[in-house]
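Nothing here was measured: the structure is a model prediction, and the numbers come from that model.
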Amino acid sequence: MSNELLSPAEMSEADRLTIAAGPADGIGLMRRAGGAVAAEVLKRYPSAKHIHVLCGPGNNGGDGYVVARILAGSGVGTSVWASGAPRPKSDAALAAAECPIKPRPLSDFDAKPGSIVIDALYGAGLSKPLSGDAAKAIDTVTALSLPVVAVDLPSGVSGRSGDILGRAFRAEVTITFARKKPGHLLLPGRGQCGEIVLADIGIGDGIIAQLAVSTFENAPGLWLQEFPVPAMDAHKYKRGHVGVFSGGPSATGAARLSALAAARSGAGAVTVLSPGNAMQVNATHLTSIMLREAGSLEEVQEFLTARHPEALVFGPGLGPKPKVGDFALQLIKVFADGARNEAAPSHAAIVLDADAITSLAHQPQALFEAARQPNAPALVITPHDGEFGRLFPDIAGDKSLSKLAKARTAAARANAVIVYKGADTVIAAPDGKAAINSNGAPWLATAGSGDVLSGIIAGLLAQGMPPFEGTCAAVWLHAEAGSRFGPGLIAEDLPLALVPVLRELFDARMAAQ
C-alpha cells in the first residue's frame with residue numbers, strides 16, 4: 001500500500017532503516033533525492049534562464065546542493081544561497097563539498113523576474129516559526145511572483161500538522177520522497193504545496209511496513225478490498241437495510257437526501273422513519289424508498305424487530321433540541337439490546353449527524369458511555385468544525401493539536417469513527433487509525449451535502465463494510481462525485497452523480513479479485 005502518510009519522525013526512521021539495511025548510505029539517499037528534484041525541474045522548466053537554490057543547514061539543504069550541482073552540470077545558470085553551513089562531516093556537508101557553486105549568504109538573496117527558485121531550506125521537519133532571512137526571502141520571491149519548486153515541503157509548513165509556522169513559500173510544485181506527509185494534505189499547508197510529486201529514492205515498501213504507520217491518504221487502495229460486491233443470490237435485504245429518521249412536516253428534505261444516497265450506494269432497502277405528522281409530506285416525494293411511521297421509541301423498536309436494519313441515520317432535519325439528544329441515547333440502547341437479542345444484526349451501525357451532534361453536546365459524557373456499552377452499535381459521528389467544537393470543546397480549543405490529532409483524540413474518547421469534515425476531512429477510528437481526504441472540492445459546500453454523505457456511509461456499512469473502511473470509502477465517493485460534477489452542483493445532484501464513480505469502483509474491485 002502506498003497510501004501511508006509519514007510524520008517527520010517516521011520519515012527520519014525510514015531513512016535510518018534504509019541506510020541500516022544497505023547498500024545505500026545517507027549521502028546516497030541524498031543524491032537520489034536531489035537527482036529526482038533536478039530531473040523534475042529540468043523537465044518542467046527547460047528554458048529557465050536562471051535558477052536560485054536556497055539551502056538550509058540540514059538534510060533538506062543537502063538535497064538542494066545536489067540539485068544545484070546537477071543543474072549547473074546541465075548548463076543551467078545556477079546560484080546557491082545558504083542560511084547556514086551544514087554540520088561538519090554530515091551528509092549535507094558532503095553534498096555541499098561536491099557542489100561546484102560557492103554559496104552566498106541567504107541574507108544577500110536577490111533575484112530577477114523570470115528566474116526559478118528551489119526551496120531547500122527546511123522541508124517537513126520544521127518545528128518553529130520561520131523568520132529572519134528566510135522570511136525576507138519569501139517576501140522577495142512573492143513580490144516577484146517567481147515560480148517555486150519545494151523540496152519535500154514548502155519551508156514554513158509543518159509536516160506534522162499542515163500549519164504555517166510564521167511564513168511559508170507557496171510552491172508551484174512540491175517534490176517529496178517515499179510517501180507524502182500529513183502537512184501535504186492538511187490545510188492550510190496543502191494550499192502552499194501546488195502539485196505534489198512523489199519520488200522514489202529507494203525506500204522500499206518493506207521499510208515502510210516496519211514503521212506500523214496508522215495514518216493514510218484516503219484513496220481506494222485503502223479500502224477497495226472491503227468494497228461490497230453483491231452475491232449471485234442477493235435479494236434486497238441481503239444487500240443491507242438502512243433506516244433514516246425524518247424531521248417534522250417542514251424538515252423532511254434532509255432525511256430524503258440521506259435515504260436516496262443510501263440506496264444509490266448499494267443498500268438493498270431503505271426506509272424513512274417519519275413522525276406521524278410528516279407522513280403525508282414524505283409519501284408525496286418517495287418512490288423506491290419505503291416509509292414507516294416511527295415517531296416514538298416503541299414504534300422504532302417495532303421497526304427494528306420487524307426489519308432488522310443494519311444501519312441507521314439519525315440527525316438530519318431533526319432540530320437541535322435536547323429531546324433529540326435524549327432520543328439518540330435511547331436509540332443506541334435499543335439497538336444495543338436488539339443486537340444482543342438478535343433483533344438487529346451484530347454489525348449494526350448508527351450514523352449521528354447534524355442536529356444529533358448539537359443536541360448531544362449538552363450531555364456528551366452520556367453519549368461516550370453509551371458507545372462503550374456491551375453490544376453497542378458502531379457509531380459514526382460526522383461533525384463539521386462548529387459541531388466538533390460543541391461536542392469536544394476542550395479538544396477543539398487545544399492549539400497544540402493538529403486537525404489529525406484532534407480527530408484521533410475525539411475518536412478514542414467517543415469510541416466512534418469521527419468524520420471531522422472540511423476541505424481536508426479527517427476520518428479517525430477509536431483504535432488510532434486515521435485517513436486524510438484529498439479529493440474534496442468547493443462545490444460540496446452546499447446545503448444538504450452532508451446529509452448525502454451520512455446516507456452513503458450508512459449504505460456502505462449496511463452492506464457489511466467495516467466502520468472505518470466504509471466511512472473512508474463514503475467520504476471519498478462523496479468528494480469524487482462532487483469534484484466530477486463541478487460547478488452548479490446542489491445536494492440533489494449528488495446521489496445520481498455517484499453512479500459512474502460506483503461503477504468504476506465495482507470494476508476495479510472485480511479486477512482485483
Matching residue for Phe177 among Ile201, Leu198, Val197 - test: side-chain contact (heavy atoms from CB on, under 4.5 Å)
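It is Ile201, the one option of Ile201, Leu198, Val197 that forms the side-chain contact (heavy atoms from CB on, under 4.5 Å) with Phe177.
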Applying the side-chain contact (heavy atoms from CB on, under 4.5 Å) criterion to Ile164, which one of Ser158, Pro188, Pro129 satisfies it?
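Of all the options given, the one that passes is Pro188.
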Between [atom1] on residue [X] and [atom2] on residue [Y], distance to nearest 0.5 Å:
{"X": "Ser161", "Y": "Leu187", "atom1": "OG", "atom2": "CG", "value": "11.5 Å"}
{"X": "Ile207", "Y": "Leu211", "atom1": "CD1", "atom2": "CG", "value": "8.0 Å"}
{"X": "Arg509", "Y": "Asp507", "atom1": "CZ", "atom2": "CG", "value": "12.5 Å"}
{"X": "Glu480", "Y": "Asn437", "atom1": "CD", "atom2": "CG", "value": "9.5 Å"}
{"X": "Met465", "Y": "Ile457", "atom1": "CE", "atom2": "CD1", "value": "11.5 Å"}

Which residues satisfy the side-chain contact (heavy atoms from CB on, under 4.5 Å) test with Ala396, sequence neighbours excluded?
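So Ala396 forms a side-chain contact (heavy atoms from CB on, under 4.5 Å) with Phe388.
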CA sep, side-chain torsions, deciding dist, call: Lys181, Glu4, salt bridge (charged side-chain N to carboxylate O under 4.0 Å, His left out)
CA-CA 9 Å; Lys181 318 305 180 292; Glu4 300 97 340; over 6 Å; no
Return yes if a side-chain donor-acceptor contact under 3.5 Å exists between [X] and [Y], otherwise no.
{"X": "His184", "Y": "Ser438", "answer": "no"}
{"X": "Arg256", "Y": "Ser246", "answer": "no"}
{"X": "Asn439", "Y": "Ser483", "answer": "no"}
{"X": "Arg408", "Y": "Ser214", "answer": "yes"}

Ser274 and Asn282: CA distance, side-chain angles, deciding distance, side-chain hydrogen bond (donor to acceptor under 3.5 Å, both in side chains) verdict:
CA-CA 8 Å; Ser274 173; Asn282 276 316; 3.2 Å; yes
Using the ring pair (Phe, Tyr, Trp, His ring centres under 6.0 Å) criterion, which residues pair with Phe485? Sequence neighbours excluded.
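Listed in chain order: nothing, the list is empty.
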What I'd like to find out is whether the side chain of Val157 reaches to under 4.5 Å of the side chain of Leu165, using heavy atoms alone.
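No. Closest side-chain heavy atoms not under 4.5 Å.
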Minimum side-chain heavy-atom gap Trp223-Phe468 below 4.5 Å
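They are not in side-chain contact.
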So, does Asp353 use its side chain to make a donor-acceptor pair with the main chain of Pro316 at under 3.5 Å?
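Judged by distance alone, no pair lies under 3.5 Å.
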Residue pair Glu310, Lys238: steps toward the salt bridge (charged side-chain N to carboxylate O under 4.0 Å, His left out) verdict:
CA-CA 10 Å; Glu310 285 82 0; Lys238 273 193 175 181; over 6 Å; no
Step-by-step salt bridge (charged side-chain N to carboxylate O under 4.0 Å, His left out) determination, Glu369 to Arg372:
CA-CA 5 Å; Glu369 290 173 2; Arg372 296 184 186 281; over 6 Å; no
Where do Asp152 and Lys180 land on the salt bridge (charged side-chain N to carboxylate O under 4.0 Å, His left out) test, with the steps shown first?
CA-CA 9 Å; Asp152 193 26; Lys180 295 177 187 176; over 6 Å; no
Nearest heavy-atom pair of Ser265 and Leu460: which atoms, and what distance?
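Scanning both residues completely, I find the closest heavy atoms to be O-CD2, 3.7 Å.
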If you compare all heavy atoms of Thr252 against all heavy atoms of Gly248, which two are closest, and at what distance to 0.1 Å?
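That would be CG2-O, 3.1 Å.
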With a cut-off of under 6.0 Å to the ring centre and 45° to the axis, is Lys406 in cation-pi contact with Tyr420?
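Because its charged atom misses either the 6.0 Å distance or the 45° angle limit, Lys406 does not stack over Tyr420.
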Taking atom CD of Gln225 as the centre, report whether more than 12 heavy atoms of other residues, nucleotides or ligands fall under 6.0 Å from it.
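Counting other residues, nucleotides and ligands, CD of Gln225 stays at 12 neighbours or fewer.
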Take Asp451 and Ser258, measure what side-chain hydrogen bond (donor to acceptor under 3.5 Å, both in side chains) needs, and give me the verdict at the end.
CA-CA 5 Å; Asp451 305 322; Ser258 290; 4.9 Å; no
Could you check whether Phe303 and His241 have their ring centres less than 6.0 Å apart?
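Close enough - the centres of the two rings lie under 6.0 Å apart.
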Check ion pair Arg44-Glu195 (N to O, under 4.0 angstrom):
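Answer for the salt bridge query: yes.
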In this structure, which one of Asp424, Asp163, Asp385 forms a side-chain hydrogen bond (donor to acceptor under 3.5 Å, both in side chains) with Lys403?
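That would be Asp424.
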